[in-house]
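Every heavy atom of this structure was used, including side-chain atoms; hydrogens, water molecules and symmetry mates were not.
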Amino acid sequence: MQDEYRTVARAGVHETEINRSRFLCALAPAATEEEAQAFVAGVRKEHADASHNCWAYVIGADAAVQKASDDGEPGGTAGVPMLQMLLRRDMRYVVAVVTRYYGGVKLGAGGLIRAYGGAVGEALDDFGTLTRRRYRLAAVTVDHQRAGRLQNDLRAAGRAVRDVRYAEAVTIEVGLPEADVEGFRSWLADATAGTAVLELGGETYADA
């Protein structure tokens, strides 16, 4: 697994006009290919009267899934430059749809490539990006007396508390960078006088 990846910070639509053609870039995070396809379908339905709804998406922290469509524009002038812009910006788990309303002036192949790729780049600038980092899930079980102070100590140490469950004891779930696991084990023993139990779980990604 990749240690981290970048994605778009939020969904949105950015509009630009080039030689009387309107270009609307709808951008959104997508956790799966199915989610990306559903987003594309939604934009196509919303803009069914548009000249073209071209799209591109990148799924996977390692960019394992990369797909694009020109939707009737000359081959390689729309979907591919959109995809290339996403990859150039190191975007992952993201989908982009550029809707074009033709304004009567032909742009030529070079103009189309710049327009479609540029629309995605401008949308990324508008909506911002965020980095998500790989974490190891860890469950810390501690008695009720120590739980409140431990939560405060965890937050003060910059540890991401993901969940807290109360039963006979208190289980606090945190996310740890893999390189920090052993150091955290020692810190936890000191912080709780050796009374806490640490169980390591699977891996996930969370905002850095």
Side-chain angles (χ1 to χ4, degrees), residues 1-19 21-103 106-135 175 177 203-208:
M1 292 173 74
Q2 302 286 112
D3 282 339
E4 62 182 41
Y5 68 85
R6 292 172 68 203
T7 192
V8 64
R10 62 184 177 89
V13 180
H14 173 85
E15 181 173 345
T16 186
E17 186 174 313
I18 301 170
N19 285 352
S21 278
R22 289 172 63 213
F23 291 86
L24 288 78
C25 179
L27 200 62
T32 63
E33 187 170 6
E34 291 73 22
E35 221 174 274
Q37 290 169 345
F39 181 79
V40 171
V43 175
R44 289 173 70 96
K45 185 176 180 182
E46 182 182 350
H47 296 285
D49 60 334
S51 313
H52 307 277
N53 286 291
C54 307
W55 52 265
Y57 55 76
V58 181
I59 305 296
D62 56 355
V65 179
Q66 304 175 20
K67 292 188 180 174
S69 167
D70 296 314
D71 192 38
E73 291 282 31
T77 63
V80 169
M82 290 169 62
L83 180 61
Q84 287 174 337
M85 180 60 72
L86 292 175
L87 294 171
R88 193 178 308 143
R89 297 287 192 93
D90 292 325
M91 288 291 103
R92 304 291 187 263
Y93 293 107
V94 65
V95 55
V97 184
V98 175
T99 299
R100 182 189 184 191
Y101 285 93
Y102 183 57
K106 291 188 176 181
L107 300 182
L112 288 172
I113 289 169
R114 286 190 295 275
Y116 280 98
V120 173
E122 288 177 18
L124 288 170
D125 290 340
D126 251 17
F127 307 134
T129 62
L130 55 83
T131 299
R132 292 176 66 79
R133 192 162 288 142
R134 181 163 60 99
Y135 289 98
E203 293 180 327
T204 190
Y205 286 94
D207 294 352

Evaluation steps, side chain to side chain contact (heavy atoms under 4.5 Å, CB included), between Leu87 and Arg92: CA-CA 8 Å; Leu87 294 171; Arg92 304 291 187 263; 4.0 Å; yes
Working note: Tyr116 + His52, criterion side chain to side chain contact (heavy atoms under 4.5 Å, CB included); need CA distance, chi angles, decisive distance, verdict. CA-CA 11 Å; Tyr116 280 98; His52 307 277; 3.9 Å; yes
With a 4.5 Å heavy-atom cut-off, do Arg10 and Thr129 have their side chains touching? no
Heavy-atom closest pair (Glu73 atom, Cys54 atom, distance to 0.1 Å) is CG-SG, 3.9 Å
Where at least one partner belongs to residues 56-68, residue pairs that pass salt bridge (charged side-chain N to carboxylate O under 4.0 Å, His left out), sequence neighbours excluded: Glu33-Lys67
Side-chain donor/acceptor pairs under 3.5 Å, residues 39-49, sequence neighbours excluded:
| from | atom 1 | to | atom 2 | distance (Å) |
| --- | --- | --- | --- | --- |
| Arg44 | NH1 | Asp71 | OD1 | 3.4 |
| His47 | ND1 | Tyr101 | OH | 2.9 |
| Asp49 | OD1 | Tyr101 | OH | 3.0 |

Shortest non-hydrogen contact between Met91 and Val8, atoms and distance: SD-N, 3.8 Å
Ignoring hydrogens, what is the shortest heavy-atom contact between Ala115 and Leu107? Give both atom names and the distance. CB-CD1, 4.2 Å
For the pair Thr77 (side chain) and Leu112 (backbone), establish whether a donor and an acceptor sit closer than 3.5 Å, ignoring hydrogens and angles. no
Please assess Arg89 against Asp125 for the test side chain to side chain contact (heavy atoms under 4.5 Å, CB included), listing each intermediate value before the final yes or no. CA-CA 10 Å; Arg89 297 287 192 93; Asp125 290 340; 3.1 Å; yes
Looking at Arg6, I'd like to know if its CZ atom is crowded, meaning that more than 12 non-hydrogen atoms belonging to other residues, nucleotides or ligands lie closer than 6.0 Å. yes
Atom CG in Asn53, atom CG in Asp70: separation rounded to 0.5 Å? 13.0 Å
Let's go through Thr32 and Ile59 carefully: what are the C-alpha distance in whole Å and the side-chain angles of both, what is the deciding distance for side chain to side chain contact (heavy atoms under 4.5 Å, CB included) to 0.1 Å, and is it a yes or a no? CA-CA 6 Å; Thr32 63; Ile59 305 296; 5.5 Å; no
Partner set under ring-ring contact (aromatic ring centres under 6.0 Å, His included) for Tyr5, not counting sequence neighbours: Tyr93, Tyr205
From CZ (Arg132) to OG1 (Thr204), nearest 0.5 Å: 7.0 Å
Quick one: closest heavy-atom pair of Ala96 and Leu86, and the distance? CB-CD1, 4.5 Å
Kindly compute the distance separating CD (Glu122) from CG (Leu27), expressed to the nearest 0.5 Å. 12.0 Å
Contact summary for Pro29 and Ala11, nearest pair of heavy atoms: CD-N, 4.1 Å
Beyond-backbone contact of Gln66 with Leu83, side-chain heavy atoms, under 4.5 angstrom: yes
Return the CG to CD distance between Leu24 and Glu17, rounded to the nearest 0.5 Å. 10.5 Å
What is the distance from atom CD of Glu15 to atom OG1 of Thr99, rounded to the nearest 0.5 Å? 10.0 Å
Could you tell me which non-hydrogen atom of Phe127 sits nearest to which non-hydrogen atom of Val13, and how far apart they are? CZ-N, 3.2 Å
